[in-house]
Amino acid sequence: MAERDVLETDVLVVGGGPAGLAAAIRFKDLLDAHNAKNGGSKLEASVMVVEKAAEFGAHNLSGAVLDPVSLQELCPDFDAKNAPVSTRVTGDRVYFLTENRSFRLPIVPPPLQNHGNRIISLNQLVKWLAGEAEKRGIDLLAGFPGAEVLYEGDRVVGVRTGDKGIDKHGNKKGNFEAGVDVRAKITILAEGARGSLTKSLVPRLGLDKGRHPQVYSIGIKELWEVPKGTLPRGEVIHTAGFPLEEDTFGGGFIYGFTDTLVSIGLVVGLDYKDPLLDPHGLFQRMKQHPLVKPLLEKGTMVRYGARTIGEGGWYSIPRPYADGVMLIGEAAGYLNPARLKGVHLALKTGMQAAETALEALIADDTSAAKLKAFDDRVRSSYVKDELWKTRNFHAAFKNGLWFALPQLGLQEITGGHGLEDPLEPSAGYAEMQTLARYWGGGLGKDSFERPKADGKLTFDRLTDVYNSGTKHDEDQPAHLHVADPNICETRCKEEFGNPCERFCPAAVYEMVPKGDDPKQERLQINFSNCVHCKTCDVMDPYQIITWVTPEGGGGPRYDDL
Amino acid sequence: MKIIVCVKQVPDTETRIRINPEGNGIVDQDVNWVVSPYDEFAIEEALRIKEAKGGEVVLVSLGPDRAQTALRNGLAMGADSAVHLKDAAFDAADTMGVAKALAAAIKGIGGADLVLTGQQGVGGDHSQVPGLLAGLLDLPQVTMAIKIELGEGKATVTREIEGASEVWETALPAVISAQKGLNEPRYASLKGIMAAKKKAIDVKDAAALGLAAADLAPLTTVASLELPPARPAVRMIDGDPETQARELLRLLHEEAKVI
Ligand SMILES: Cc1cc2nc3c(=O)[nH]c(=O)nc-3n(C[C@H](O)[C@H](O)[C@H](O)COP(=O)(O)OP(=O)(O)OC[C@H]3O[C@@H](n4cnc5c(N)ncnc54)[C@H](O)[C@@H]3O)c2cc1C
Ligand code: SF4
């Protein structure tokens with residue numbers, strides 16, 4: 001076997017989203033400032049960012065309305081430097097939808113007020129941040145997923161990047177290139193929601209002890225090119241109700257991103273009960289609603305994507321540090337569920353981790369005791385303020401929208417306490433009910449019918465997948481590991497009707513005939529369609545699906561999402 | 001042994017191409033630019049020759065600023081140095097202009113023992129530059145190489161032809177263009193990428209190559225460019241196998257008119 005390269009760096013950031021890039025940029029700025037002050041005793045320190053996408057930004061998808069507070073701190077002159085955040089919010093509307101009607105809320109609930117915010121494409125912002133990082137001489141390595149955490153005892157000492165050039169049977173191809181051990185004094189995990197390394201590290205180090213399980217939603221989004229004048233640039237619309245049933249958490253968003261580009265999406269709580277629920281299909285129905293259709297019908301869809309969002313809030317955040325490691329951004333769960341905003345907290349916690357990292361390197365102490373300063377920074381900043389006020393937000397929806405509304409009102413008045421504090425959520429997948437329980441046995445898997453797509457306003461999943469630009473080398477092992485495919489063919493089919501066929505927004509999972517008997521089916525994994533949303537890893541009711549990083553560079557291309 | 005590899009940056013084949021309003025080119029925005037796959041074969045081959053026989057690999061690319069990414073890619077794979085030909089005057093150049101600039105650059109760095117190119121630049125697919133280059137440099141040329149063996153002052157090249165292959169021998173230096181099947185290009189390694197950041201790219205404009213506007217005046221121009229017609233939607237045939245077979249037969253006969 002080819003010898004594995006080892007690379008050393010002081011700070012290694014895994015994941016080049018807003019959190020990871022803010023950490024790297026802040027670290028370099030602080031280091032330079034420190035060295036300018038201490039001419040005599042300069043600290044030589046390197047920072048490296050590894051990102052699984054072929055290019056920075058390609059895997060970053062968001063709404064997004066940005067609260068610019070932390071961008072302002074990271075790059076005070078961001079407007080002058082042409083950060084792609086020039087669309088200011090000019091109007092805020094909230095609607096409650098029934099199947100055919102819409103009711104505009106007379107006032108916009110405080111968490112949804114967006115005055116002073118910007119409508120952005122996270123993809124564009126990340127590209128810009130990568131440019132800023134590059135200017136500072138930071139080592140940016142796109143196409144290199146962190147595949148494994150390296151430990152010495154319980155101390156994190158870096159990350160092994162993924163191997164390249166392995167064929168679908170697991171054999172090395174002629175161009176095999178072994179992953180590299182990147183050893184670092186401090187590793188910062190910035191993988192975003194449901195990070196694959198974070199997922200294994202948190203329980204291993206017991207960082208989730210005493211915390212609530214994270215609860216997730218899936219956000220599905222399309223970008224539409226529409227004639228000028230269709231929706232004012234800067235207009236923000238949020239919807240509740242249709243197409244979601246009252247027992248399902250979530251809502252829609254429609255943003256006037258530019259004069260001719262509309263961002264539209266639907267967020268569906270991944271703690272839904274109906275095993276036949278189909279988030280992608282619901283999103284198609286949302287577009288047919290009389291409020292929405294007129295905004296799109298003269299336009300064309302240009303991009304598609306999906307991504308999970310960790311909405312558990314404060315109580316779901318694990319201890320964000322251990323020996324040699326910190327967790328930032330949505331990898332840890334820093335997202336305000338009431339505002340559905342995580343970008344500003346990703347940037348801020350990235351900066352706070354950078355501040356802590358520099359202190360630790362100067363003191364030559366990267367132990368958990370030293371890195372605890374990161375948590376202290378979080379707790380004494382607006383990150384905690386915001387998350388504390390909304391700490392029971394998602395949990396309030398446990399019994400549906402109508403029970404949630406009065407509780408949310410009370411939370412608003414009591415600074416987040418509400419009736420009960422903490423309200424304990426259960427893991428989302430555990431909420432899914434069996435076909436027999438939810439549909440009283442009357443309905444089987446066969447009764448599910450995928451809505452017909454017209455190819456103009458509504459699309460089937462394969463058309464949408466095409467528009468996500470996703471691509472993986474087909475000659476590699478599937479990066480979706482199903483621990484026991486037998487369960488899919490037997491128990492799951494019977495009990496839940498193979499919900500993976502519906503919750504995956506990219507048609508990756510498909511039950512296909514096994515032989516001549518049409519009743520016998522086996523699971524086929526069309527992994528090259530995967531858009532890295534992580535929904536399957538979250539929502540599979542038996543928790544037997546594990547998403548691992550595919551060969552570096554594979555995945556979606558979220559231009560302007 | 002000094003090997004020069006000519007590298008072109010082209011749109012990724014997955015890119016959704018949009019035609020510009022003038023109808024004679026594509027819209028650059030949102031295009032994912034990559035090293036032309038045939039050029040990757042050429043780079044890989046150069047690196048293998050260098051690994052076997054020693055020497056140096058120099059990359060040359062003509063294009064706007066973004067072409068540097070393609071050169072960095074090649075440097076990360078293991079090439080030693082790179083020359084970037086950049087000038088607004090190149091924008092309107094056709095294949096002849098490009099070949100003149102490349103030839104001037106190759107002469108400018110003292111020529112080479114071997115010049116490798118891809119057999120075509122994906123996208124434009126002219127396949128003209130290698131031939132023009134050989135002409136301008138007054139060197140022998142072998143195209144469509146799927147195997148290259150080097151001897152003393154000569155190379156034995158297997159080239160792909162329709163349904164067969166043929167073997168040629170050529171004196172060196174020569175211009176050899178790479179076809180798919182020549183090799184399997186390596187991935188740029190993490191160490192390679194880090195090392196590539198420290199390698200300098202030499203930028204040259206038309207004046208530095210001794211070329212005047214008249215030298216670059218295009219002999220051919222693109223009159224118009226069109227996207228292929230949209231493909232009709234896939235039609236699924238329902239029913240039991242017999243009905244399906246009948247319906248398929250009918251459709252092939254009556255609608256597709258292929259049988
Ligand atoms: C539909 C939707 C709408 C949203 N709307 C808003 C909004 O309006 N306002 C707002 O503020 N927030 C919004 N959010 C939330 C916001 O997008 C996230 O909170 C934010 O992107 C988190 O940033 P991050 O850097 O932590 O993670 P991400 O943006 O997810 O970035 C993580 C990066 O790490 C990479 N990565 C992951 N694992 C690995 C690995 N193992 N190795 C290498 N690289 C890896 C990924 O490819 C990615 O580039 C929305 C989210 C969604 C899905
Ligand atoms: S396979 Fe899983 S991660 Fe990939 S698109 Fe489907 S649900 Fe998302």
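Each chain gets a letter, A, B and so on, in the order the sequences are listed, and its residues count up from 1.
For a residue to count as touching a neighbouring chain, one of its non-hydrogen atoms must lie under 4.5 Å from one of that chain's; by this rule Lys471(A) touches chain B with the side chain only. With a 4.5 Å cut-off on non-hydrogen atoms, Lys191(B) touches chain A through its backbone and its side chain both. For Glu134(A), no part lies near chain B; criterion is any non-hydrogen pair under 4.5 Å. Contact of Ile193(B) with chain A is made through the side chain alone, with heavy-atom distances under 4.5 Å. Of the two parts of Asp559(A), only the side chain, counted from C-beta on, holds a non-hydrogen atom closer than 4.5 Å to a non-hydrogen atom of chain B. In this structure, chain A has no heavy atom under 4.5 Å from any part of Asn183(B).
Between the side chains of Gln524(A) and Asn526(A), a donor-acceptor pair is found at a separation under 3.5 Å. A donor and an acceptor atom, one from each side chain of Gln179(B) and Glu160(B), are located under 3.5 Å apart. The closest side-chain donor-acceptor pair between Ser177(B) and Thr143(B), if any, does not fall under 3.5 angstrom.
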- prompt: Please walk me through it: do Arg557(A) and Arg16(B) pass side chain to side chain contact (heavy atoms under 4.5 Å, CB included)?
  reply: CA-CA 11 Å; Arg557(A) 253 191 77 86; Arg16(B) 211 136 16 120; over 6 Å; no

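Here Asp560(A) is the residue among Thr161(A), Thr463(A), Asp560(A) with the most heavy-atom pairs under 4.5 Å with chain B. Between chain B and the residues Leu141(A), Val180(A), Val50(A), the largest count of heavy-atom pairs under 4.5 Å involves Leu141(A).
Taking 4.5 Å as the limit, some side-chain heavy atom of Asp473(A) sits within range of a side-chain heavy atom of Lys173(A).
Between the side chain of Thr9(A) and the backbone N or O of Ser46(A) there is at least one donor-acceptor pair closer than 3.5 Å.
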